[in-house]
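Worksheet for the structure shown next.
None of these values were measured; they are calculated from a predicted model. Residue numbers begin at 1 in each chain, while the letters A, B, ... track the order of the sequences.
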Amino acid sequence: MRHSCAHLLAQAVTELYPGAKPTIGPAIENGFYYDFAMEPIGDEDLKTIEKKMQQLARQNLPVSREEYSDEELLDLFKTNEYKLEIINDKLEDGDASTIYRQGDWYDLCLGPHVPSTAKLMHSRLLSVSTAYWRGDQDRESLVRIYGTVFPDKHMLKEHLQRMDEAKKRDHRKLGKDLQLFHISEKVGQGLILWTPRGSIVRQELQDFIAQELKRQGYSQVFTPHIGKLDLFRTSGHFPYYQESQYPPLVERDLMKKLADEGCTCSELSNLMNEGDIDGYLLKPMNCPHHTQIYASQPRSYRDLPLRLAEFGTVYRWEQSGEISGMTRVRGFTQDDAHLFVTEEQIAEEVLGCIELVQIIFGTLGMDDYRVRVGMRDLDSNKYVGSDEGWDLAEEACRQAAISLGVPFIEEEGEAAFYGPKVDFIVRDVIGREWQLGTVQVDYNLPERFDLTYQGSDGVAHRPVMIHRAPFGSMERFVGVLIEHFAGKFPTWLTPTQAHIITISEKQTEYASKIESELKTAGIRVESDASDNTIGKKIRTHRKMQPAYMLILGEEEESNGTVSIRARSGAQQNGVPLADFIAAIQNEIEQKTVAPSIVSE
RNA sequence: GCCUGUGUAGCAUAGCUGGUAGUGCGGCGGAUUUGUAAUCCGCAGGCCGAGGGUUCGAGUCCCUCCGCAGGCUCCA
């Protein structure tokens, strides 16, 4: 049905814009799109097209399937080079093809389709954008129109409402409303400024994972934000990934000397690429630094696994058009760790990493994720390392994913250039997928840095590295988390856990007494003793989504109690302060996903 | 990076075919002292993203750049 509606869209467009050439128009989740080779159109044009589609739908044109010979097909589409390309590709593969016809319009298609256009009355065009023909940046730019269609009016309306609801939990909007982070044009694109409230969320998450790491025998390390170019030449990141790095920093004296010699920018760049001069790179990842910690001492098999963990901030030059909120940024902090292990330890250690991801996702109630095992693309040569190493590493990842006990898919070509990986992927409110946690096996870097350990046989062996980041990056993770909770964080994560609201200024003193007792108990609290009405104060404070509001009036003051108001509006009056403190401390300690002190 | 949109005070917005900026929230001051989703009055906030151009005159039209949004491409 969605695909049929794409046909209807193409019919409408070709009737309205005679020069437009339809290319492809598949169904996608919740809708469809169709790409046209035509002059760019705007949002207003969508309405016109939409009207035309309704008109065509109302005509109740029967949709029929027709078969033609190859020559006839080529003749039918002779004015549309895109369709010809498709037909020729199909002929090469030996596939037959059919066309579907409605009215005097027809399209190359395998079907199936709805019997008549009357089934397509309830559609809506959503947006117009562009795409490259066959997804190739070097080929023609096409106009892509997105739309959706439902069997009846009611379902269409519901779907559109759902989309509106989803937009309300967009982390970019909530991040602003809840004052969690800020992006300043003056600082730069894709560079996140963590404001005090957002920093609390991040710090709580970091503390949480640090605790788990201690339990699993990790060692905490710290490394600087830059490193010599040579370090990254050895790792293989420079100059081959230059496109996605900030340009290198060159020492002042050297710069001056080169300038005096009349060196041009391109000469400088060449000198750096060839290794004739050195400089420093903002680190695009933490692994090279960690290899040097490993190499700082002779290692024995008894030292392994050596697990080095760091919340390491890295910088990558993402394309300007790809930067988005907190989920795609240019500077971010990975909850990174590198495990140096023997080959026999790979399976167990990969499993340990994956369990860590599961603990985190479980604690936060995130169950809507998928697992992807990224394998190499056998046809590509962008990978480094031996085939045997890759085979072993891929098998280790596969086995770890299997023992995970959740469905996973293997995808060719999704591996890192240095090794296969297991990724945890979640969706944001708009349906886009983001890679969060990742575990990657790497035979390559130990080789490049010539890392060794002495085995029980007294001979030097090569360790294997495992890269892993259960959150992925703090920025992306918190961004996704904001949407996951729609800003209503669990008590342990929420920036302000209790907001104190007084009914009149008579309770100001009582409020500050309660406030200081809560603070002493380690509760993050905010107090409002302004002279606004109680209704107004509740309205205002609700917006910041504290786990609880404590309402204080004459009654509470004389009894030494608090009245607790939950986010839902549910309330419990006259609770002794000590009881509330005990309850909220327990909730924080347990990391309860949904605040539940007040029963509904 | 490419395409299409878009950019008005901290936030949300009005401003038609060009005549030199309104409103709400928030903030500040005052009145009020309130029992669960907006008490009243007053005040201060804008080089209308930046720069250039057309014009007697530009928030409005044109160009360049920057940011943002949706896609595309990319994501070691």
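Ranking rA76(B), rG70(B), rC3(B) by closeness to the S141(A) side chain, first place goes to rC3(B). Residue T130(A) has its side chain nearest to rC3(B) when only rC3(B), rA69(B), rU36(B) are considered. You'll find that the side chain of R432(A) is closest to rG71(B), out of rG26(B), rA76(B), rG71(B). Among the nucleotides rC74(B), rG26(B), rA76(B), the one closest to any side-chain atom of M285(A) is rA76(B).
Checked by atom type, the side-chain pair D528(A)/H499(A) shows no donor-acceptor distance below 3.5 Å.
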Worked check of ring-ring contact (aromatic ring centres under 6.0 Å, His included) between F181(A) and W194(A): CA-CA 5 Å; F181(A) 68 94; W194(A) 292 81; 7.5 Å; no

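Listed by residue number, I503(A), S504(A), E505(A), K506(A) are the residues of residues 500-512 of chain A with a heavy-atom contact under 4.0 Å to RNA chain B. Using a 4.0 Å cutoff on non-hydrogen atoms, the parts of residues 227-242 of chain A near RNA chain B are H237(A), Y241(A), ordered by number.
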Which donor-acceptor pairs under 3.5 Å do side chains of residues 285-292 of chain A form with protein atoms, sequence neighbours excluded?
from    : atom 1 : to      : atom 2 : distance (Å)
N286(A) : OD1    : K283(A) : NZ     : 2.9
N286(A) : ND2    : Q334(A) : OE1    : 3.1
N286(A) : ND2    : D336(A) : OD2    : 2.9
H289(A) : NE2    : I226(A) : O      : 3.1
H290(A) : ND1    : H338(A) : ND1    : 2.8
H290(A) : NE2    : E310(A) : OE1    : 2.7
T291(A) : OG1    : P288(A) : O      : 2.5

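Qualifying ring pair (Phe, Tyr, Trp, His ring centres under 6.0 Å) partners for F408(A), counting only residues two or more places apart in sequence or in other chains: none. Residues meeting the salt bridge (charged side-chain N to carboxylate O under 4.0 Å, His left out) test with K167(A), sequence neighbours left out: none.
Across all strands, G321(A) comes closer than 4.0 Å to base atoms (heavy-atom distances).
Between R172(A) and rA69(B), a side-chain N or O to OP1/OP2 separation shorter than 4.0 Å is present.
A stem is defined here as three or more consecutive Watson-Crick or G-U pairs, each with both distances under 3.5 Å; for RNA chain B these stems are B:1-7 with B:66-72, B:10-13 with B:22-25, B:27-31 with B:39-43, B:49-53 with B:61-65.
With a glycosidic angle further than 90° from 0, rG59(B) counts as anti.
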